[in-house]
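When reading the values below, keep in mind they use all heavy atoms of this one structure, side chains included, and skip hydrogens, waters and symmetry mates. Sequence positions, counted from 1, serve as the residue numbers for this chain.
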Amino acid sequence: MTLFVVRHGETLWNREGRKQGRRDSPLTLRGLEQARAHAETLRGLRGLEWRLHTSPLFRARQTAAIIAETL
């Protein structure tokens with residue numbers, strides 16, 4: 001088994017240098033691009049069976065959804 005840990009893309013609060021914790025802040029355009037880049041990198045890994053697990057926070061679910069669509 002191989003495990004990949006992917007952090008969510010940049011959020012508005014990340015860009016502003018604010019701490020988020022359990023609060024949610026939406027992905028920025030850059031964050032969406034980062035999620036797509038992660039997805040493309042993972043798609044290049046052939047022969048793996050994928051299972052995605054994510055935090056319930058929107059920023060993490062949004063990043064995971066982009067990855068899932070690509071895979």
Tell me if the CZ atom of Phe58 is crowded by more than 12 foreign heavy atoms within 6.0 Å.
no
Here the gap from Glu69 atom CD to Arg36 atom CZ, rounded to the nearest 0.5 Å, amounts to 10.0 Å
Would you call Glu40 and Arg43 a salt bridge, taking side-chain N to carboxylate O under 4.0 Å as the test?
yes
From Leu32 atom CG to Gln62 atom CD, the distance as rounded to the nearest 0.5 Å:
5.5 Å
Using a 3.5 Å distance criterion without hydrogens, assess whether the side chain of Ser25 forms a donor-acceptor pair with backbone atoms of Trp13.
yes
Side chain to side chain contact (heavy atoms under 4.5 Å, CB included) between Leu52 and Ile67, intermediate numbers included
CA-CA 9 Å; Leu52 299 176; Ile67 292 170; 4.3 Å; yes
Side chains of Thr11 and Glu16, heavy atoms from C-beta outward: is any pair under 4.5 Å?
no
Quick one: closest heavy-atom pair of Asn14 and Arg7, and the distance?
ND2-NH2, 3.8 Å
Minimum heavy-atom separation for Ala39 to Leu71, with atom names?
O-CD2, 4.3 Å
Does Glu10 use its side chain to pair, donor to acceptor, with the backbone of Arg15 at less than 3.5 Å?
no
For the atom pair CZ (Arg61) and NE2 (His8), what is the distance rounded to the nearest 0.5 Å?
13.0 Å
From Thr63 OG1 over to Leu27 CG, what is the distance, rounded to the nearest 0.5 angstrom?
4.5 Å
Return the CZ to CG distance between Arg30 and Leu12, rounded to the nearest 0.5 Å.
13.0 Å
Can you get from Ile66 to Phe4 by hopping between Ile, Leu, Val, Met, Phe, Trp and Tyr side chains that sit under 4.5 Å apart?
no
